[in-house]
Amino acid sequence: MKAALSVILLVAIFIALFMRRTRRDPAAANPGPAAKAERITSRYAEAPGVVIDPMKVPLDLQDLLPLAEKCAIGDDVERAQFRESVPLAERKELIDAVWYKWDRLEQYCSEKREQVPVPDEVVLLDMMAEAATEILPEFGYK
């Protein structure tokens with residue numbers, strides 16, 4: 001009987017704490033796409049010590065940097081989670097931006113990949129290209 005009362009008491013405390021939290025933070029009660037995106041911890045641009053200098057990127061590729069900073073996610077699970085949380089229009093924007101500059105992007109990155117250390121800008125753009133290749137089939141690109 002004591003064990004049953006202890007379990008009931010613990011459940012009641014948990015429910016009270018949860019209800020208190022959701023009153024203070026409505027997003028906690030109903031996590032949507034924005035909440036999923038906030039849990040991403042492996043964005044390359046946000047990693048300690050990473051410095052992205054747009055001046056080190058060719059002018060014709062600089063417009064890709066904001067997209068790269070957003071979708072260059074190192075962890076496969078987090079990248080898939082991000083992909084699922086991003087609206088279709090934003091995924092299409094990424095694909096369109098990368099697809100039309102694919103050859104130029106690959107040329108720039110392949111020229112710089114052998115540097116030690118590989119420049120942060122190159123890693124960022126390579127990771128964005130990886131994210132884009134995972135989305136390409138969704139839009140009929142091969």
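Every heavy atom of this structure was used, including side-chain atoms; hydrogens, water molecules and symmetry mates were not.
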Identify the heavy atoms of Cys71 and Ala131 that sit nearest to each other, and give their distance.
O-CB, 3.6 Å

Looking only at heavy atoms, which two atoms of Gln107 and Ser110 are closest? And how far apart?
O-OG, 3.1 Å

If two hydrophobic side chains count as joined below 4.5 Å and joins carry through other members, does Met55 share a cluster with Leu59?
no

Taking atom NZ as the centre, does Lys92 end up with more than 12 heavy-atom neighbours from other residues, nucleotides or ligands that are less than 6.0 angstrom away?
yes

Test Leu94 against every option in Met128, Arg83, Lys70 by the side chain to side chain contact (heavy atoms under 4.5 Å, CB included) rule and name the one that passes.
Met128

Look only at the side chain of Arg91 and the backbone of Val86, and say whether a donor-acceptor pair between them is shorter than 3.5 Å.
yes

Less than 4.0 Å between a side-chain N and a carboxylate O, is that true for Glu130 and Arg79?
yes

Look at the side chain of Glu134 and the backbone N and O of Ala80, then say whether any donor-acceptor pair between them is shorter than 3.5 Å.
no

Kindly say whether Pro54 contributes a backbone atom to a donor-acceptor pair with the side chain of Gln62 at under 3.5 angstrom?
yes

Using atom types as modelled, flag every donor-acceptor pair under 3.5 Å from a side chain in residues 114-123 to any protein atom, sequence neighbours excluded.
residue: Asp120; atom: OD1; partner: Tyr44; partner atom: OH; Å: 2.5
residue: Asp120; atom: OD2; partner: Val51; partner atom: N; Å: 3.0
residue: Glu121; atom: OE2; partner: Asp53; partner atom: N; Å: 2.7

About how many Å separate CG of Leu65 and NZ of Lys56, when rounded to the nearest 0.5 Å?
12.5 Å

Path from Leu88 to Val98 over hydrophobic side-chain contacts below 4.5 Å:
yes

With rounding to the nearest 0.5 angstrom, report the CZ to CG distance, Phe139 to Asp96.
8.0 Å

Give me the atom names and distance for the closest heavy-atom approach of Leu105 to Ala129.
CD2-CB, 4.1 Å

So among Leu67, Ile52, Val57, which one has a side chain to side chain contact (heavy atoms under 4.5 Å, CB included) with Leu125?
Val57

Between Tyr108 and Asp60, is a side chain to side chain contact (heavy atoms under 4.5 Å, CB included) present by the stated rule, with each step listed?
CA-CA 11 Å; Tyr108 167 71; Asp60 60 330; over 6 Å; no

Give the intermediate values and the outcome of side chain to side chain contact (heavy atoms under 4.5 Å, CB included) for residues Ile73 and Gln81.
CA-CA 10 Å; Ile73 300 169; Gln81 178 185 22; over 6 Å; no

